[in-house]
Number of protein chains: 2
Amino acid sequence: MPTGNSTSRPPTILDVAHRAGVSKSTVSNVIRGVHGVAAAKRARVLAAIDALGYRPNVLARQLVQRRTTILGVVVGDLGNPFHAEMAKQVERHASARGYRTMFCSTQAEETAELTGIQNLLEYRVAGIIFLAHTGASSGARELIEGVVPSVFVTCSADWGDVVSGDDQRGAEMATRHLIDLGHQRIAYFADPTVEDAADRARQVGYSQAMRQAGLSPIVYYWRHAPDTVVHNNREMPVQDVLRGPRSVTAIFSSNDLGAIELLDVADRLGVNVPDDLSVVGFDDVLMAGLSRINLTTVAQPQEELARQSLATLTARLQGELTGGPVRRTVELELVVRGSTAVPRVVHRKAG
Amino acid sequence: MPTGNSTSRPPTILDVAHRAGVSKSTVSNVIRGVHGVAAAKRARVLAAIDALGYRPNVLARQLVQRRTTILGVVVGDLGNPFHAEMAKQVERHASARGYRTMFCSTQAEETAELTGIQNLLEYRVAGIIFLAHTGASSGARELIEGVVPSVFVTCSADWGDVVSGDDQRGAEMATRHLIDLGHQRIAYFADPTVEDAADRARQVGYSQAMRQAGLSPIVYYWRHAPDTVVHNNREMPVQDVLRGPRSVTAIFSSNDLGAIELLDVADRLGVNVPDDLSVVGFDDVLMAGLSRINLTTVAQPQEELARQSLATLTARLQGELTGGPVRRTVELELVVRGSTAVPRVVHRKAG
DNA sequence: TTGAAAGCGCTAACAT
DNA sequence: ATGTTAGCGCTTTCAA
């Protein structure tokens, strides 16, 4: 039973050694479980550890070993349910593999990301997992490359390992689903919070599916705040896309949050989903499954993504994986719910 | 410009000293910004630091200082949007005060919490912030008390500082809102993911408001999975509460997630909200504000909660706050949305 | 103002 | 099988 002495400093390995009447190496050997410590001594050491409430100082250990078991996790916005869930899964898998996680939140600001990375590096993290990355400048690369391995999950950089869903294929599935339902005027809505690389891949998948069906892609870049959309470098209100002469019968949003926002706007405008407008999202966040949201979406296997990223990173750390960046892609799945339906052609003609 | 030498070990303070032609103490003085280093030497040191790409090893520093600037954060479930947002705010405020955060996710399991705490302690965290706490045993207390200060945010323990919303008052407001609308059969739904202490306080607020209005409290403990509810130690399907002879006209849920689940069930059963059933939540998570959810709820000021917790913890760390546990309470606010309305008395009578 | 030296708590040779 | 010793990279007296 530990002496609840709150004023004294935490006991060290030396305190244990003294109490057990052995050298500190022996204590160290016991702690690290190295073979070849006499049973009697081992017992005495264990007893001393228990009596003193001794807890090894990981900082000291990792200082001499010159490597930590801390993993840096760069996360964009924990307020975003997709990111939060990814963070959770990453923490879970890291923890299971004996690593601790040090989070650094960037709010998609590059300066925040850069100072965050510096902090992680000062703690000599063993590796860095990017759940978001603003690849605006080469700042991150200059800080990290050749120092610690890093893996980009659901985001991308050409100088590190990448684990992500098959965005292009996912977008194709989503788009084809809408085409198969009979839609022809199908727009792609790019949400600004989606990573550039992912957005591009999804756009490619969308455009290819459209062209293969003889349809022309229409891409909108969404600014949520004033419910405005940018198309061909021109701003216009979202409502003009949902109604009016430029209106579409279906929208594929680059993520669920954008899609849900779209449902909100549609509701306010009296545009009925799915009768007047079909909406498909991307990610399959928890919210999407609520009966009131009921969003058709492309599901990302977050658990699998986290698993793969940790497998990749630990492989690098253990030297099992060497050489240039690898890229792992996991399968996505279309989850059909109630936000998509056959277009109401009659209405179109009448309008 | 740093030499991108990927094979060499990171430069140490000694490398910098050699290159600058000074002693390592001088380098240390420059790094820590202590006054009284000759301008010329300072410049040489700075140049050497830059040339080498030197980055101080925080582990080494904190080993000699015998204290870290790492804060442990015990979080229940990052998949829960309320927890995720709290985690985000806590990270933000910690970071702003120069602390790093080490997360440990517990999934409401005590063993996970306990091993998590041990890990944090091995890293010699300066303090621990609990965003969730299973106070089942005294395990956590035995590990932490007298070792590092800890603050319980939105949860509770009698041996540490507590920062939380005024749960009782919040529950009173919610209940009174329903009473004022004319409801009489108002139930309290306890969601299992809400911390015990918070749940109790909310129940008290609810019960008091009910009794003051001459109404009798009805408390249900909810098991989401099989849509079952426990009342007076007897299990029954939720639908029996929404319809049937035991039905109520309003429900106050101990959190938003439970309330949203309730909306789902109501939708499935064809029970109209708010006409047939008014629902009030607690927390005001992002989802609650979606037009399709539109939940009346008691808002927790998460940013303020995080701010206060960090203020409290850092005050302890700097010795500005000493003595027994303090308890800080922040004001809550009722956000009236579309899930509550005057009860449809006609319907009641007819049913 | 600067440098030398003694640790912080631990691991990992190396002796014994 | 156990103890001795030399660091890990840094801060912090203490002298000079």
Side-chain angles (χ1 to χ4, degrees), chain A residues 8-46 48-49 52-70 98 119 121-126 147-148, chain B residues 8-46 48-49 52-70 118-119 121-126 147-148:
Chain A
S8 73
R9 328 191 273 77
T12 74
I13 201 173
L14 211 59
D15 296 325
V16 176
H18 286 155
R19 189 175 228 273
V22 299
S23 79
K24 64 181 185 152
S25 332
T26 300
V27 177
S28 179
N29 287 336
V30 171
I31 291 166
R32 290 173 305 147
V34 309
H35 209 72
V37 178
K41 291 212 169 179
R42 144 173 264 101
R44 294 223 313 275
V45 169
L46 256 18
I49 285 176
L52 261 31
Y54 168 78
R55 193 180 308 288
N57 184 328
V58 177
L59 264 49
R61 167 182 302 164
Q62 301 195 338
L63 176 61
V64 30
Q65 289 179 158
R66 277 128 113 229
R67 72 197 145 74
T68 68
T69 51
I70 309 177
N119 287 329
L121 258 21
E122 291 190 347
Y123 271 98
R124 299 293 188 264
V125 293
V147 178
V148 292
Chain B
S8 73
R9 329 191 270 77
T12 74
I13 201 173
L14 210 59
D15 297 324
V16 176
H18 286 154
R19 189 175 229 273
V22 299
S23 79
K24 64 182 185 153
S25 330
T26 301
V27 176
S28 178
N29 288 336
V30 170
I31 291 165
R32 290 172 306 145
V34 310
H35 209 70
V37 178
K41 290 211 169 178
R42 146 173 264 102
R44 294 223 313 275
V45 170
L46 256 19
I49 286 176
L52 262 31
Y54 168 77
R55 194 181 308 288
N57 184 328
V58 177
L59 263 48
R61 168 182 301 164
Q62 301 194 338
L63 176 61
V64 30
Q65 290 179 157
R66 280 130 110 222
R67 71 197 146 76
T68 68
T69 52
I70 309 177
Q118 309 223 33
N119 288 327
L121 257 21
E122 290 189 348
Y123 271 98
R124 298 293 188 264
V125 294
V147 179
V148 293

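Side-chain atoms are counted along with the backbone in the values below, which use heavy atoms only and exclude waters and symmetry mates. In the text below, chain A, chain B and the rest are named by the order of the sequence lines, each starting its count at 1.
Judged by distance alone with a 3.5 Å cut-off, a donor-acceptor contact links the side chain of A/Lys24 to the base of C/dT11. One cannot find a donor-acceptor pair under 3.5 Å joining the base of C/dA12 and the side-chain atoms of A/Ser28.
For B/Thr26, the side-chain hydrogen bond (donor to acceptor under 3.5 Å, both in side chains) criterion is met by B/Ser23, not counting sequence neighbours.
Look at NE2 on B/His18: it is 13 Å from P on D/dC10, rounded to the nearest Å. When rounded to the nearest whole Å, the span between CZ of A/Arg61 and P of C/dC8 equals 19 Å. Residue B/Arg66 contributes atom CZ, which lies 11 Å from atom P of D/dT12 at whole-angstrom precision. The distance between atom CZ of B/Arg44 and atom C1' of C/dT2, rounded to the nearest whole Å, is 12 Å. Rounding to whole angstrom units, CD1 of residue A/Ile13 and C1' of C/dA12 are separated by 12 Å. The separation between A/Arg67 atom CZ and D/dC8 atom P is 16 Å, rounded to whole Å. When rounded to the nearest whole Å, the span between CD1 of A/Ile31 and C1' of C/dT11 equals 10 Å. Between A/Arg124 atom CZ and D/dC8 atom P the separation is 14 Å, expressed in whole Å.
Side-chain nitrogen and oxygen atoms of A/Thr12 include none within less than 4.0 Å of the OP1 or OP2 phosphate oxygen of C/dG9. The phosphate of D/dG3 (OP1 or OP2) has a side-chain N or O of A/Thr26 nearer than 4.0 angstrom. The side chain of A/Arg9 places an N or O atom within less than 4.0 Å of a non-bridging phosphate oxygen (OP1 or OP2) of C/dG9. Proximity of B/Tyr54 to the phosphate of D/dC10: a side-chain N or O atom is located under 4.0 Å from OP1 or OP2.
Note that the OG1 atom of B/Thr12 and the CZ atom of A/Arg66 stand 9.5 Å from one another [nearest 0.5 Å]. Note: A/Arg19 CZ to A/Leu52 CG = 5.5 Å, rounded to the nearest 0.5 Å. The distance from atom CD1 of B/Ile13 to atom CZ of B/Arg61, rounded to the nearest 0.5 Å, is 8.5 Å.
Each of A/Ala39 and A/Val64 lies near DNA chain D, and the nucleotide nearest A/Ala39 is the one positioned closer to the 5' end. Two residues, B/Asn29 and B/Leu63, neighbour DNA chain D, and the one matched to the more 5' nucleotide by heavy-atom proximity is B/Leu63.
Distances from the side chain of B/Ala60 to the nucleotides D/dG3, C/dT2, D/dC10 place D/dC10 closest. Nearest nucleotide to the side chain of B/Asn57, out of D/dG9, C/dA12, D/dT12: D/dG9. In this structure, of C/dT2, C/dC8, C/dA12, it is C/dA12 that holds the atom nearest to the side chain of A/Arg32.
B/Pro10 is not listed as a side-chain neighbour of A/Val147, based on a closest heavy-atom distance of 4.5 Å or more.
Within the 4.0 angstrom heavy-atom criterion, base atoms lie near A/Ser25. No engagement by B/Val58 is indicated, since no non-hydrogen atom pair under 4.0 Å with the nucleic acid exists.
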Evaluate side chain to side chain donor-acceptor pair (under 3.5 Å) for A/Gln62 paired with A/Tyr123, printing each intermediate quantity in order. CA-CA 10 Å; A/Gln62 301 195 338; A/Tyr123 271 98; over 6 Å; no

